[in-house]
2 protein chains.
Amino acid sequence: MTDKNKITIYDVAKKAGVSRQTVSRVLNNRQDVSAETRKRVQEIIEGLSYHPSAIARSLSRQKSYIFGVVTAGLKYIGPSRTLSGITSKAEEMGYGLLLKELASFSANNVHPLLGWLQSHQVDGIIWAAPEIEDNRNWLGDLLPEIDIPIIFLTMEKREDVSIVSIDNYLGARMATEHLISLGKKNIGHITGPLDWWEARQRKLGWEAALSDAGYKPSTHMWAEGNWSSRSGKIAFIELLEKFPGMDGLFVGNDQMALSVLRTAFEQGKKIPDDLAVIGFDGIPESEFYCPSLSTVNQNQNALGCIAVEELVRLVENKFMADDVIEPKYITILPELIIRQSSQTP
Amino acid sequence: MTDKNKITIYDVAKKAGVSRQTVSRVLNNRQDVSAETRKRVQEIIEGLSYHPSAIARSLSRQKSYIFGVVTAGLKYIGPSRTLSGITSKAEEMGYGLLLKELASFSANNVHPLLGWLQSHQVDGIIWAAPEIEDNRNWLGDLLPEIDIPIIFLTMEKREDVSIVSIDNYLGARMATEHLISLGKKNIGHITGPLDWWEARQRKLGWEAALSDAGYKPSTHMWAEGNWSSRSGKIAFIELLEKFPGMDGLFVGNDQMALSVLRTAFEQGKKIPDDLAVIGFDGIPESEFYCPSLSTVNQNQNALGCIAVEELVRLVENKFMADDVIEPKYITILPELIIRQSSQTP
DNA sequence: TTGAAAGCGCTAACAA
DNA sequence: TTGTTAGCGCTTTCAA
C-alpha cells in the first residue's frame, strides 16, 4: 500500500505550478484553459494517479450523482432482476447507487431510512420494494417533507407520485383468456399472498376474464399461496378437493406452478389434457420444467431500466428548470409465452 | 415539497442560541454538553426535522461508513443471495453500500471502477464478482495502489488478499462420494464453464473422489455446460452417448440438473435406479423438481455476511491501530442435501 | 486565460 | 461546559 497521504487537487496544482481552479477547470473539461496548460495538468493527474474526491465535489456542487435504491427480498429472483436493470441503466446514465434492502417485504417503518438517504444527499430515490398491506401509508405523511424526486415500482396508481408498474391485471387476463381459448371451462387460480398488491391484481384479472367469458368466479375456484413452491403444492391440493371439475389453472407465479406440475404428475393428471396450466413471471427455468411451463413473462429488467430513465428526467428537470413535472404512471405490458403445459395437442 | 433551503447545523445552532460545535456535540452524543442544552438542541433538531449531511461528515471525518460492492450477474440467483447477505450484515454493522454491477461476468477492465470507488471514499470494498479466466490479473498491478481494504469472494487462495470462499472442491467430493456410497460405479459429471474457478474446483473434487475410490476419471465421463438449463440438457445428451454405462451423475449446478431430470424422464431412464443425480447450489426450487433433487447446498447468504464482518474488522483496524492484519482465507463448508434423485430405494 | 476569495456542512483541536 | 478557529477537497463567484 502506498502511503496514506492522499493526493488532492492542491498537490496537482502545486506540481503543475498553477492554481487549484485551473486544475478544477481541467477536471471539468471547461473551455477556458489553454491547450498547453491543460495538457500539462492532465499529465500530472495521470502521473499522480489522482482521483478527485467525489465527496468533496458533491458537497460543493450540491449534487451527488447518486440514487438511493430501496429494495426487498433480494434472495428472490424477481427483485434481483429489477435491481439488475437498475444498475445497468444507472451506470449508463452516469449515476451511482446507494443500496438499502428492507429487512422484510412488509417493512413499514421507513422514517429512518428516508432520513439516511436524505442525509447522503442522493439526487433521487427508486423505491423498488413491493406494495404490501399498509406499507405505503407513510407516503401521505412523509412525502411532503422530502425534497428528493422519488419513483416507485409496481404499486397502485396514485396522483401524487411517479410510478412504473408491470400490468399484472392485464397479464392475468391474458393468461386466463388463453386457457379459455383452449376450450377449458373450469379455470381455477392459485393466488399469491393477497396482502400483496400484485397478487390482488392478478386475481382481479382472472376474475374479469372469467366474467367476460360468461363464467362466474367463485370462492371454491381459487386458493391462496405465498409465492413459494411449497405453498403452491398445498394450494393445489386444496383446489383439487374443492374444485374437482377444474380443467385449467392459472397459477400466480412460476415457482408455485412448478409444484403444481409435480403434484399433478404424482396424481396421474395429464397436462395439458386433463389440466392446462399457466404460470406468471417467466423465470428462465420454467422452460425446462416437466412439461415446460406456459407463463406470463414480465420484463423486470426493463422495469428497472425505465424507472432509472424516468428518475433521471425528474432529477435533471429539478436541477435545470423549476417547472414541476407531473407524476406519471408508466405501465409495462407483459407477454404470453405458450409452452407444453397449455398447448393444444 | 417543502422549500429547497436545506437546514444546516448552523440553522439549528442559531435557533438554539448555541454554537455549531455544541450542536455537533449533541449529534455525536458527546458527553461534554449539559443535559439542559442537549435537550433543547435535540428538540430543535426534531422540530426542524434536521438531518446532518453525511457527505459533509464524511469529508471532515475522512470516513464514510460506506462500503463499495462489486458484483456481477445479479439476474442469477446466486449473486443476489450473496448480495442479500451483504446488505443485511452491512445494515447491522452500520455501513451503507455503494453498488456496482459489472456488465459481464468476465469483465476485465476494472481500472475506472476502482477509481470511482476510491473517489467516493468508500471505507472498504467487497469484490463479489466471480473469478473467471484472467479477470484477477489486475490484482498484481492495481492492488498496491489502492489504500482501501478489500475482501474478495469465491476465488483461489492468494497470500496478498483476504478471501471468503465456499469450499467447492469439498462440496464436489461430498457429492461424488455420496453417489459412490450408493453403490454407483460409473459416475459422470457435467461441469460448469471451465473458465470459472468454481467450476474447475468442482471438477477437481469429482476427480479426487473417483480416484480415491479406485476409479479413474477420464474424458468420456464428463461434459461441459455453462450453468444454464439449456446447456445442461445438451451436455447430458452428449454424456449419454459417450458414457452409456453411467449410473450416477454429479451436475455442476441445480439448473443444469433440472434439465437432466427432465431429459432422463423423456428417455425413460428411471431416477435414481438407472441413474442417481445430484446437483450443486441448493436453490429452493430444487426440492420440488420431479423427482426432488439431491444437491450440495452452499450458503451464499452466509458468504456475504462473513465477508462484511471480516471487512469491518479490516477497516476498523486500519482506522484504530496501525498494525497490519494478515490476509485470511476463510472457507465456508457446503452441506449435502439428500433427496429422491439419489435416495436408496 | 488565470487566480484569489468565499463557501458547501460538518468536525477536530484548542481556548476560554 | 461552551465557543473560536481551522480545515476536510472541491467548485463557484468575481477580479485581474
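Just so it is clear: chains get the letters A, B, ... in the order the sequence lines come, proteins before strands, and each one is counted from 1. We use all heavy atoms of the structure for the numbers below, so side chains are in, but hydrogens, waters and symmetry mates are not.
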Could you tell me the separation between the [atom1] atom of [X] and the [atom2] atom of [N], rounded to a whole number of Å?
X     : N      : atom1 : atom2 : answer
B:K14 : C:dC10 : NZ    : C1'   : 17 Å
B:Y65 : C:dT11 : OH    : P     : 12 Å
B:D32 : C:dA15 : CG    : P     : 17 Å
B:R38 : D:dT2  : CZ    : C1'   : 13 Å

Query raised in the report: Between A:E310 and A:R313, does at least one N-O distance fall below 4.0 Å, as a salt bridge requires?
Result: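 Counted as a salt bridge, because a side-chain N and a carboxylate O are separated by less than 4.0 Å.
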**Report entry** Carboxylate-amine/guanidinium contact A:K89 A:E92, below 4.0 Å
**Finding:** yes
**Report entry** Minimum heavy-atom distance B:A307-B:V164, with the two atoms named
**Finding:** CA-CG2, 4.0 Å
Query - Charged tip of A:K14 within 45° of A:Y10 ring normal and under 6.0 Å - result: no
Requested in this report: Let me have a per-nucleotide readout for nucleotides 4-12 of chain D, 5' to 3', with B, S or -, counting only protein heavy atoms under 4.0 Å.
Outcome: BB-BBBBBB
Query raised in the report: Are the side chain of A:K318 and the backbone of A:D123 linked by a donor-acceptor contact shorter than 3.5 Å?
Result: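 Here the side-chain-to-backbone pair does not exist.
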Query raised in the report: Short question: side chain of A:S49, backbone of A:I45 - any donor-acceptor pair under 3.5 Å?
Result: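 Absent.
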Query raised in the report: Counting any heavy atom closer than 4.0 Å, what does B:S58 reach on the DNA or RNA strands: base, sugar-phosphate only, or nothing?
Result: nothing
Query raised in the report: Using the C1' atoms of the five pairs at each end, what is the angle between the end axes of the helix from C:dT1-D:dA16 to C:dA16-D:dT1, to 10°?
Result: 40°
Query raised in the report: Among A:V69, A:L74, A:V70, A:L83, which residue meets the side-chain contact (heavy atoms from CB on, under 4.5 Å) test with A:E101?
Result: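 With A:E101 as partner, side-chain contact (heavy atoms from CB on, under 4.5 Å) holds for just one option, A:L74.
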**Report entry** Trace of the side chain to side chain contact (heavy atoms under 4.5 Å, CB included) decision for A:V315 with A:K63
**Finding:** CA-CA 10 Å; A:V315 168; A:K63 174 144 167 69; 3.8 Å; yes
